[in-house]
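Presented below is the structure to which this report refers.
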Amino acid sequence: MIKLQNVEKVYRTSAIETLALNNINLHVRKGEFVSIMGPSGCGKSTLLNIMGLLDAPSQGQVEIDGSRVERYTDKELASMRNQKLGFIFQSFHLINDLSVMDNVEIPLLYRSGSAAERRRLSQEALEKVGLSNRMKHFPKQLSGGQKQRVAIARAIVGKPEIILADEPTGNLDSAMGNEILSILQNLNQEGSTIVMVTHDDAMAKKTHRLVRLFDGTQVS
Ligand code: ADP
Ligand code: ADP
């Protein structure tokens, strides 16, 4: 579902070069739930951003669902992101002056479909995360765990095949973190392929496979 071959990422800022990823070869299969761990600065976010087509590698190939993307235009990349990928971030990234429901509908604004259809899909997504009773609330009226559930609903509303989560439980206490993990596990059982960056060993153990990075290199 996601295939990285000989992926290298170099960041160049004025005189400084950082090798953020060094020859990564990684194949995430359809239906897998993979976690990525490693110390701060080892390249986890860079790896996730490359898998999510938010950033391009300096060298190597990226394949999403059988398509090699290196020749894609920005427009084609954006379209693929919108169709196939859902993103979840540590800090939720909700828009504070939109209601829960309007936040969840955002990815659908880039697709065709009526307002009624958007509403139906966002209700369905909010039901999956157990928040259908908070549709008209605003983010500031929600707990951290509830905000992350809204963010998950937004990530899944367009029915992407792949979910990329960058420390989705990093800002939550362990009870709320476990709730978020079990929602992700349910989505995985329903067929979503998931890649999750985490600092939590116990959470990583509950996924199918752990990829460890150290200094830009995959060490397991
Ligand atoms: P992690 O997510 O594991 O903390 P990152 O992927 O954020 O690691 O960063 C990997 C390395 O690349 C670090 O040394 C970081 O300082 C560097 N880096 C990340 N983003 C940039 C950038 N936009 N410009 C320059 N260097 C960067
Ligand atoms: P942090 O780990 O510092 O909390 P985030 O998880 O918020 O960082 O974001 C991870 C990466 O995704 C960053 O490189 C950021 O630039 C990028 N990013 C954050 N929000 C969005 C967004 N809405 N769309 C695209 N990229 C984003």
Side-chain angles (χ1 to χ4, degrees), residues 1-11 18-64 81 84-93 129 144-145 147-149 151-152 155-156 160-220:
M1 185 54 87
I2 307 172
K3 206 171 190 177
L4 303 186
Q5 282 177 288
N6 309 316
V7 163
E8 186 178 299
K9 179 67 182 181
V10 182
Y11 290 109
T18 307
L19 181 60
L21 292 176
N22 181 17
N23 196 33
I24 302 290
N25 287 284
L26 184 59
H27 186 184
V28 178
R29 288 168 188 81
K30 192 175 168 65
E32 260 195 312
F33 191 166
V34 174
S35 37
I36 299 175
M37 294 188 85
S40 183
C42 71
K44 303 181 297 294
S45 293
T46 302
L47 183 62
L48 211 66
N49 287 347
I50 288 175
M51 287 181 173
L53 311 178
L54 294 167
D55 203 355
S58 312
Q59 302 269 350
Q61 280 92 49
V62 178
E63 203 177 293
I64 303 287
R81 268 200 303 276
K84 297 210 183 272
L85 297 156
F87 297 91
I88 305 167
F89 302 98
Q90 177 173 3
S91 44
F92 321 131
H93 290 296
V129 300
K147 283 183 204 169
Q148 193 59 297
R149 286 195 270 156
I152 294 175
I156 64 173
E161 290 167 86
I162 300 166
I163 297 171
L164 301 176
D166 196 350
E167 289 189 57
T169 65
N171 282 339
L172 304 176
D173 66 30
S174 65
M176 281 188 184
N178 283 326
E179 224 172 79
I180 295 302
L181 184 69
S182 75
I183 290 171
L184 294 175
Q185 285 176 312
N186 286 340
L187 293 169
N188 176 243
Q189 269 152 26
E190 289 173 15
S192 296
T193 304
I194 306 183
V195 181
M196 173 177 75
V197 170
T198 180
H199 279 117
D200 188 324
D201 270 306
M203 294 214 172
K205 284 203 181 92
K206 292 182 188 165
T207 67
H208 298 149
R209 183 153 66 102
L210 170 59
V211 171
R212 275 186 196 278
L213 291 182
F214 190 80
D215 232 353
T217 302
Q218 187 179 342
V219 292
S220 72

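What you see below is based on every heavy atom in this structure, not just the backbone, and it leaves out hydrogens, waters and symmetry mates.
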Is a side-chain donor or acceptor of Ser58 paired with a backbone partner of Val10 at a separation under 3.5 angstrom? yes
Can you check whether Ala56's main-chain N or O pairs, donor with acceptor, with Lys9's side chain at less than 3.5 Å? yes
Here the gap from Asn178 atom CG to Ile183 atom CD1, rounded to the nearest 0.5 Å, amounts to 11.5 Å
For the student: nearest non-hydrogen atoms of His27 and Arg209, plus distance: O-NH2, 2.7 Å
Indicate yes or no for a side-chain donor-acceptor contact from Asn188 to the backbone of Leu184 under 3.5 Å, with no hydrogens or angles considered. no
Provide the closest heavy-atom pair for Asp215 versus Cys42 in the form atom of the first, atom of the second, distance. N-CB, 3.7 Å
Nearest heavy-atom pair of Pro160 and Ser192: which atoms, and what distance? O-OG, 4.4 Å
Just say parallel, tilted or perpendicular for the rings of Phe87 and Phe89, cut-offs at 30° and 60°. parallel
Met196/Leu181 under side chain to side chain contact (heavy atoms under 4.5 Å, CB included): CA gap, chis, key distance, verdict: CA-CA 10 Å; Met196 173 177 75; Leu181 184 69; 3.9 Å; yes
Check: Gln90 main-chain N/O paired with Asn171 side-chain donor or acceptor under 3.5 Å: yes
So Gln5 and Asn25, side chain to side chain contact (heavy atoms under 4.5 Å, CB included) or not? Walk me through it. CA-CA 5 Å; Gln5 282 177 288; Asn25 287 284; 4.1 Å; yes
Can you tell me how far the CG atom of Leu164 sits from the CD1 atom of Ile50, to the nearest 0.5 Å? 12.0 Å
What residue among Leu213, Thr18, Leu21, Ile24 forms side-chain contact (heavy atoms from CB on, under 4.5 Å) with Thr46? Leu21
Could you tell me if the side chain of Glu161 sits less than 4.5 Å from the side chain of Lys30, heavy atoms only? yes
If you measure from CG on Leu4 to CD on Gln218, what distance do you get to the nearest 0.5 Å? 9.0 Å
Counting only heavy atoms not in Phe214, do more than 12 fall under 6.0 Å of its CZ? no
Donor-acceptor pair, Asn6 side chain versus Asn23 backbone, under 3.5 Å? no
Please name the pair of heavy atoms, one in Asp173 and one in Met176, separated by the smallest distance, quoted to 0.1 Å. OD1-N, 2.9 Å
Find the distance between CE (Met203) and CD (Gln185) and round it off to the nearest 0.5 Å. 9.0 Å
Measuring from Ile88:CD1 to Ile163:CD1, what's the distance to the nearest 0.5 Å? 5.5 Å
Do the charged groups of Asp201 and Arg212 touch, with an N to O distance under 4.0 Å? yes
I'd like to know if Arg149 pairs up with Glu179 as an ion pair, taking the criterion as any Lys NZ or Arg NE/NH1/NH2 lying under 4.0 Å from an Asp or Glu carboxylate oxygen. yes
Donor-acceptor contact present, side-chain His208 to main-chain Val34, <3.5 Å: no
For Pro168, is there any backbone N or O sitting under 3.5 Å from a side-chain donor or acceptor partner on Gln148? yes
Does the side chain of Met51 reach to within under 4.5 Å of the side chain of Leu85, using non-hydrogen atoms? no
Verdict with supporting geometry, Leu26 and Val7, side chain to side chain contact (heavy atoms under 4.5 Å, CB included): CA-CA 9 Å; Leu26 184 59; Val7 163; over 6 Å; no
Taking Thr193 for its side chain and Gly31 for its backbone only, find out whether a donor-acceptor pair lies under 3.5 Å. yes
Taking Lys44 for its side chain and Pro39 for its backbone only, find out whether a donor-acceptor pair lies under 3.5 Å. yes
If you measure from CD on Glu167 to OG on Ser45, what distance do you get to the nearest 0.5 Å? 7.0 Å
Please assess Met37 against Thr198 for the test side chain to side chain contact (heavy atoms under 4.5 Å, CB included), listing each intermediate value before the final yes or no. CA-CA 6 Å; Met37 294 188 85; Thr198 180; 4.1 Å; yes
